[in-house]
Visitor: 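The structure follows.
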Amino acid sequence: MQYLFPKDFWWGSASSAPQTEGESLGAGKSPNVWDHWFELQPERFFQGVGPENTSTFYHHWREDIALLKQTGHNSFRTSLSWARLIPDGQGPCNPQAVAFYNQVIDELLAQGITPFINLFHFDMPMAMQAQGGFENRRVVEAYADYAALCFELFGDRVKHWFTFNEPIVPVEGGYLYDFHYPNVVDFKRAATVAYHTMLAHAMAVQRFRQSDCDGDIGIILNLTPSYPRSQNPADVAAANHADLLFNRSFLDPALRGTYPDELVALLGQYDQLPTCLPGDRQLLASGIVDLLGINYYQPRRVQCRANQVNPAAPFMPEWLFDHYQMPGRKMNPWRGWEIYERGIYDILTNLRENYNNPRCYISENGMGVEDELRFLQDGRIEDNYRIDFVREHLVWVHRALAQGSRCLGYHMWTFIDNWSWSNAYKNRYGLVQLDLATQQRTVKKSGLWLADVARQHGFTTEDK
Ligand code: BG6
């Protein structure tokens, strides 16, 4: 069967500044939360590899952009580093950073690759975190100033902007589950950071619309469909709670400019609501995006709680549901994540039916593999499993498109094997293999496959 996509469909991949640039403490950049945490606790990073050991895009950007071209990209998303552009988080900007980002954007355009630019990928400048990060509204304002500066500096050429990548991740990592700095476990503080992040988002959207820039302003959300174990009302209610907490907490303000009443009531019931100030409601309402990026890796399966909660323990999302491991689920054994291709279709269908069918694209989807060198043959990673993974997800994207979804493209995570937070280089996702010792880049089989797909605007499968 032939799966053809629109001629102007975006094909490409995503990456981020802190995971690729390197020069994490050089070229005028100041430390962000990752540099700081690594200095404090290097043992919490896989094999002790920290944020200075990335794929050195800061020095290899021209070569890497040539590889983007070779692997069929017509578009590419990366982020700007706030701590590189404005070392103190607010105040004067770093001319070396401006020159660097100008070169990157110009080279992308020269190669016919549309730059998609994200402003924040988990990388709060330490100078801002020292003031409380997004717990502090002054940091929210500093972020909006940073966003406005980016629009002013690069908005003549960049036409696709994103305020945040997966804004829920620093919230759950930093304030609930202890996998990001500042390693706090406190739901109410988490809710405050989440709320203020969306205020920061809305302020940046306002600043974009007040600027001379044309193009799209969006946000990138990791949408994880919540599937109940059964249709028993208790399981369905558990799945709804997970959906409210992990999806709609960001999706509703981004697409409707307001929070679901049900979520507000739920947090109110457990006394976990953040403080709202006069004017917040109007501000949030102005943050409705032009374009939604969707990151999808795996579903969330839940069931109703089996046991009573300990009332003396800190309130956690898991007070409202238990995780459910569906017997017989398909797994990526090298990452330990379920593979459920249909999930991508369910997300697009939900957006079409319940959110007025927004303009959107798949901004991340991909397959992490630990110890990927086991698949090296004659000098190349033969990642047929990744090709299958992508093709099978694209089949579902294609079906959603046929039903009227306004999905405009598909980007993989990621272009080149990169450093991934406390997992460092444990899970490899790239279309291009990185030899850490030599920094040599070698295109994987999937990179060549993607180039073919982009060139042919789709692919053919053997089934009828
Ligand atoms: C995505 C993030 O959710 O997952 C990336 O946007 C991250 O920044 C990627 O690198 C892979 O994560 P992991 O934990 O499998 O290495």
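No experiment lies behind these values; they were computed from the predicted model shown. The first residue of the sequence shown is numbered 1, and numbering continues consecutively from there. Ligands are counted one by one from 1 in listed order, and the atoms in each one are counted from 1 as well.
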Visitor: Excluding sequence neighbours, so at least two apart, what forms salt bridge (Lys or Arg N to Asp or Glu O under 4.0 Å) with Arg329?
Guide: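 For Arg329 there are no salt bridge (Lys or Arg N to Asp or Glu O under 4.0 Å) partners, ignoring immediate neighbours.
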Visitor: Just jot down the salt bridge (Lys or Arg N to Asp or Glu O under 4.0 Å) partners of Arg207, sequence neighbours excluded, or say none.
Guide: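 With sequence neighbours excluded, Arg207 shows a salt bridge (Lys or Arg N to Asp or Glu O under 4.0 Å) to Asp145, given in chain and number order.
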Visitor: In terms of heavy-atom contacts, does CG of Asn356 have more than 12 from other residues, nucleotides or ligands at under 6.0 Å?
Guide: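 Counting other residues, nucleotides and ligands, CG of Asn356 stays at 12 neighbours or fewer.
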Visitor: Go through the side-chain N and O atoms of His60 and Ser55 and say whether any donor and acceptor fall under 3.5 Å apart.
Guide: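 Absent: no donor and acceptor within the cut-off.
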Visitor: With a 4.0 Å heavy-atom cut-off, what residues sit around ligand 1?
Guide: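 Contacts of ligand 1 under 4.0 Å: Gln19, His121, Phe122, Asn165, Glu166, Tyr297, Arg335, Trp337, Glu364, Trp413, Ser420, Trp421, Asn423, Asn427, Tyr429.
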Visitor: Holding to side chain to side chain donor-acceptor pair (under 3.5 Å), I want the full list of residues that pass it with Gln439, two or more places apart in sequence or in another chain.
Guide: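 Gln439: side chain to side chain donor-acceptor pair (under 3.5 Å) contacts with Thr56, Arg441.
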Visitor: When the ring centroid of Trp10 is compared with that of Tyr410, is the distance short of 6.0 Å?
Guide: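 No, they do not, as the ring centres are separated by 6.0 Å or more.
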